[in-house]
Amino acid sequence: MTRRKRPSEVLLGRHAERGALDRLLAGARTGISGALVLHGEPGIGKTALLDYALAQAGDCQTVRAAGVEAESELAFAGLHQICAPALDGLARLPAQQGLALSTAFGLSTGTTPDPFMVGLGVLGLLADFAGERPVVCVIDDAQWLDRASAKILGFVARRLRTESIVMIFAVRGDLDTRDVPELAGLPAMTVTGLSDDHARELLASTLLGRVDERVLDRIVAECHGNPLALTELPRGFTPAELAGGFGLLNPGSLPRRIEESFLRQIAALPPVARQMLLVAAAEPVGDPVLVWRALNQLGVPGDSHLAAAQAAADFVDFGFGVRFRHPLLRSAVYQAASEAERRQAHAALAEITVSTTDPDRRAWHRAQAAARPDENVATELETSAVRAQARGGFAAAGAFLERAAELTPDPARRASRLLAAAQARYLGGAPDTALRLLALAEADQPSEPDRARADLLRADIAFMVDRGRETADLFLKAASRLEPLDIGLARSTYLDALRAAWYASDSGSSGTMRDVARAAVAAPAAPTPARPSDLLLDGLAVRYTAGFAAGVPKMRQALKAFQDQLANQEDLRWMWFASSIATDLCDDDAADALTGRYVRLARETGALAALPLALTTRILMHLFAGDLSEASVLITELDDVADGTGIPVPRYMALLLAAWQGDEDRTTELAAVCIADARRRGEGLAPAIAGWAQALLYNGLGRFDEALKAAQQTIQSSLEPGVLTGAPLVELIVAAARTGKSKIGADALERLSTSTQACGTDWALGMEACCRAVLTDGARAEGSYVEAVERLGRTKIRPLSARAHLYYGEWLWQSGRRDDARDQVRTAYEMFAAMGMDAFAALAAHRLGINVRQRRGDDTGPLTAQETYIVKLAREGLSNAEIATRLFISPRTVEWHLSKVFAKLGISSRRQLRRPVQ
């Protein structure tokens with residue numbers, strides 16, 4: 001058989017793949033963005049498909065990047081390849097995003113940038129770059145991207161909408177593995193082997209001379225349609241061997257056999273050519289000049305370089321940059337060398353890498369060259385870790401510190417570095433790796449301060465992973481160990497323990513709220529002046545030891561401190577507790593102010609790790625206030641934040657929203673999801689929230705027996721007064737009254753009164769009055785109804801106010817006062833309908849004889865929920881860039897949404913948005 005050359009030979013039969021790429025490129029040319037992940041085994045043709053996409057993108061701007069195994073621990077190395085052509089637009093980004101991105105790339109110094117803010121900056125930068133012509137980004141070997149880059153690129157790819165940007169990733173292996181979890185959820189396509197016919201055609205184009213047909217069949221069968229195998233495997237054998245049979249191939253996985261083929265070919269090269277390939281494989285930048293200089297450092301004469309390059313031409317291209325013919329070849333070259341040869345190559349590269357311009361790569365090469373512990377190299381790595389962490393590269397910092405620990409001769413110092421590496425890995429979202437390093441640190445007999453830090457880190461990791469199962473006990477252990485070392489940190493750790501116990505609820509953990517509170521009461525007093533968090537701990541400690549009423553004065557003092565003194569990140573850390581206390585105290589003004597401030601501060605300071613909890617408190621306040629459309633938009637934002645930050649967020653708020661809206665199917669579905677997820681994590685909070693949501697739903701649907709059952713389950717699982725008992729108690733009392741279970745209702749009212757009387761606010765006392773009224777017979781009920789309507793009417797708590805009107809109207813109806821009753825029920829109906837509380841609106845409508853669907857059909861506007869929210873933000877004066885930051889999309893996408901809004905509303909400018917949206 002004679003070898004025939006074919007252009008684009010590895011694209012034989014790739015009709016589906018090329019069609020998908022062509023559609024992406026066509027979309028970009030019409031303003032639509034898109035992303036695609038190509039995954040498959042090594043050599044299957046992913047790189048060739050990327051080449052095809054770039055070749056077809058002739059009228060677009062193209063950016064090519066690749067993950068490099070040797071750079072996989074250098075923070076943002078891959079991201080810089082993508083952004084480098086667009087960095088001229090850095091100054092046009094919003095200030096916070098521009099600073100985050102420039103800090104991440106080491107272009108400026110500043111506080112550690114939040115990865116989420118870096119992601120928004122990259123999205124804005126690429127959208128700006130695509131303003132002139134569409135942009136096509138291809139990222140090969142994405143499995144070797146540094147983790148920081150992979151997270152950001154995955155975040156950006158999931159938010160592409162109308163920017164005329166295409167991102168195509170090639171990943172070795174299956175996305176179901178943990179290789180690149182950051183790309184999960186993106187559109188994906190598996191690249192499979194060629195058909196037998198196409199495989200034979202490709203093989204025929206690579207072979208010289210004649211080959212026995214049976215041998216040809218054997219090659220095709222064993223290569224399973226892998227183009228790289230079809231072109232590379234035969235190269236390691238002579239024509240005689242091929243003619244005699246293909247049995248020389250060792251059994252094993254195909255990639256391993258491909259690598260063995262490469263190794264046979266490398267072994268046939270002259271020694272200088274092999275040395276050149278090794279240096280090229282160890283040098284990740286891809287700069288030929290660095291390769292030549294390193295060879296000089298190794299004593300290879302300059303006049304030998306050209307001959308070596310020619311001998312290695314089939315393996316690597318030294319044109320505009322060092323590029324191996326296939327990534328497996330780089331790996332094969334590196335593995336073919338002995339450890340001593342690899343150390344020599346890295347030592348040479350370290351010597352010629354300039355410490356002032358590229359200190360981190362120099363430190364990494366020195367570390368790879370070290371044959372034994374070396375404190376100087378370890379110190380240099382530690383310095384690199386500090387730089388990496390300052391840029392937000394926690395995974396890189398962890399890798400530098402882990403290698404530094406390996407090279408540290410002193411056990412105590414090694415333990416400290418291992419602990420620092422574990423902390424960096426934890427902050428980088430790798431809890432399993434952090435726990436492994438933590439175990440190594442604890443085995444090295446760390447100092448007492450390091451033991452305390454290790455205990456605290458172990459608790460932090462447990463809270464990140466499951467928010468239950470002994471997490472509070474771990475925080476208590478850490479707090480106890482910290483007391484003689486750092487009382488301020490110890491008291492903050494007690495607050496951590498209280499938060500963990502709140503989430504664990506009745507999961508069976510010994511670290512209950514009372515357990516933690518008793519330990520906090522026994523802890524040393526706070527230094528003066530007390531921080532808001534110290535006042536918070538004191539108030540909560542009294543609440544959970546002496547009772548809710550006893551804790552109210554101190555909790556109010558803490559609440560005032562947070563309202564008056566909030567000024568730093570430490571206080572921001574505890575805003576969740578402060579916001580929760582405001583709700584527990586039924587102080588709607590304070591809850592509204594604090595939750596709004598909490599979200600605003602989290603956004604403005606870039607503390608996006610705090611944003612999920614901030615949004616949760618704000619959403620809950622919107623639900624209590626009946627702002628269901630606002631709650632819905634923030635739930636979408638909460639999901640986006642969870643996706644972007646990698647912080648798992650239970651679906652509690654979506655569950656409560658569905659219940660408030662009266663959506664039975666959605667409530668049932670989300671309740672099951674939340675309970676199953678919480679059971680897996682050992683968290684006891686889910687049953688309480690699920691029961692509350694279902695009780696609210698069934699009371700709205702008028703199915704009071706089911707409401708009573710759900711509410712009773714909730715109350716049994718919530719021991720302390722607060723929002724998770726007060727609100728479900730209302731549902732229990734209403735359901736008990738409607739089912740004739742007056743004793744159950746009376747007991748619940750007595751329990752509710754212990755907290756409402758202590759709070760003394762219109763919200764609390766109005767809620768109590770409403771519950772007392774529904775349990776009261778005859779004329780005595782009216783005074784309580786009037787009190788409830790008046791008190792709740794002075795609050796922001798519109799759903800409960802509307803229910804007071806509804807229940808008062810039903811009582812009036814039963815009393816024969818039909819006209820007065822209609823006024824109350826109509827008021828309730830209009831409030832429920834305006835809020836979108838469909839189940840309760842239907843109850844009121846049934847009493848009034850109104851066709852709900854007909855009435856609600858007239859109220860639906862032409863805008864989607866997101867468009868309505870964009871209009872709201874535009875009316876508040878936010879620019880497109882500011883709206884984009886809020887919604888985690890690009891300014892181009894905001895502009896696109898506004899153009900649709902203008903068309904729907906028949907307007908042409910932002911100024912006209914000031915009139916109400918119909």
Side-chain angles (χ1 to χ4, degrees), residues 502 505-506 513 543-544 547-549 551-552 580-588 591 620-621 623-624 652 655-656 659-660 671 684-700 703-776 781 784-785 787-788 791-792 795 797 799-804 806-807 840:
W502 188 85
S505 188
D506 60 351
M513 300 289 278
R543 170 181 174 176
Y544 291 112
F548 183 86
V552 167
S580 298
I581 283 178
T583 307
D584 287 348
L585 292 176
C586 292
D587 188 338
D588 52 309
L620 188 60
M621 183 59 207
L623 292 174
F624 278 126
Y652 298 148
L655 167 61
L656 290 173
W660 247 271
L685 188 61
I689 294 179
W692 171 22
Q694 290 170 317
L696 172 66
L697 171 75
Y698 293 134
N699 273 332
R703 288 153 53 181
F704 300 112
D705 286 323
E706 293 171 84
L708 181 63
K709 181 180 179 181
Q712 285 178 311
Q713 291 175 345
T714 297
I715 300 305
Q716 290 169 3
S717 64
S718 297
L719 304 177
E720 302 294 342
V723 68
L724 288 185
T725 47
L729 279 170
V730 171
E731 307 309 326
L732 177 63
I733 291 166
V734 170
R738 293 295 186 263
T739 55
K741 307 290 196 309
S742 56
K743 177 64 168 66
I744 293 175
D747 291 344
L749 178 60
E750 182 179 357
R751 183 175 176 184
L752 178 67
S753 299
T754 60
S755 60
T756 54
Q757 290 295 317
C759 294
T761 63
D762 278 331
W763 179 1
L765 297 177
M767 177 167 59
E768 180 187 336
C770 183
C771 291
R772 188 187 317 113
V774 298
L775 289 170
T776 304
S784 293
Y785 276 125
E787 179 186 356
R791 284 190 180 278
L792 292 170
T795 72
I797 312 304
L800 194 54
S801 177
R803 292 175 72 177
L806 174 63
Y807 300 149
F840 281 100

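Every value quoted in this text rests on a predicted model; they were computed, and no experiment measured them.
- Between Leu752 and Met767, some side-chain heavy-atom pair lies under the 4.5 Å cut-off.
- Nearest heavy-atom pair across Leu792 and Ala804 is CD1-CB, 4.1 Å.
- Counting only heavy atoms from C-beta outward, the side chains of Thr756 and Ser753 approach each other to under 4.5 Å.
- Rounding to the nearest 0.5 angstrom, the gap separating the CZ atom in Arg791 from the SG atom in Cys770 is 13.0 Å.
- Arg751 is not listed as a side-chain neighbour of Leu732, based on a closest heavy-atom distance of 4.5 Å or more.
- Using a 4.0 Å cut-off between charged nitrogen and carboxylate oxygen, Asp705 and Arg738 do not count as a salt-bridge pair.
- Side-chain contact between Gln694 and Thr714 is absent, with no heavy atoms from C-beta onward closer than 4.5 Å.
- Using a 4.5 Å heavy-atom threshold, the side chains of Phe548 and Thr754 count as separate.
- Of the possible donor and acceptor atoms, none in the side chain of Thr739 sits under 3.5 Å from a partner among the backbone N and O of Phe704.
- Smallest separation of non-hydrogen atoms from Cys771 and Leu749: CB-CD1, 4.0 Å.
- Residues satisfying the ring pair (Phe, Tyr, Trp, His ring centres under 6.0 Å) test with Tyr698, not counting sequence neighbours, are none.
- Separating the CD1 atom in Ile733 from the CD atom in Glu768 is a distance of 9.0 Å, to the nearest 0.5 Å.
- Considering CZ of Arg543 and CG of Asp584, their distance stands at 4.5 Å, rounded to 0.5 Å.
- Side-chain contact check for Phe624 versus Leu656: every heavy-atom pair is 4.5 Å or farther apart.
- The distance between the ring centers of Phe840 and Trp660 does not fall below 6.0 angstrom.
- Residues Arg803 and Asn699 are in side-chain contact: their nearest non-hydrogen atoms beyond the backbone lie under 4.5 Å apart.
- The heavy-atom pair separating Ala711 from Pro728 by the smallest distance is CB-O, 4.1 Å.
- Scanning all heavy atoms of the two residues, the minimum distance from Thr761 to Cys586 falls at OG1-O, 2.7 Å.
- Scanning both residues, Ala695 and Ala710, for their nearest heavy atoms gives N-CB, 3.8 Å.
- Residue Asp588 holds its CG atom at 11.0 Å from CG of Leu800, rounded to the nearest 0.5 Å.
- Contact annotation: the side chain of Arg703 never approaches that of Leu697 to less than 4.5 Å [non-hydrogen atoms, C-beta and beyond].
- Taking CD1 of Ile797 as the start and CH2 of Trp763 as the end, the distance is 4.0 Å to the nearest 0.5 Å.
- Closest approach of Thr583 to Ala591, counting heavy atoms only: OG1-CB, 4.0 Å.
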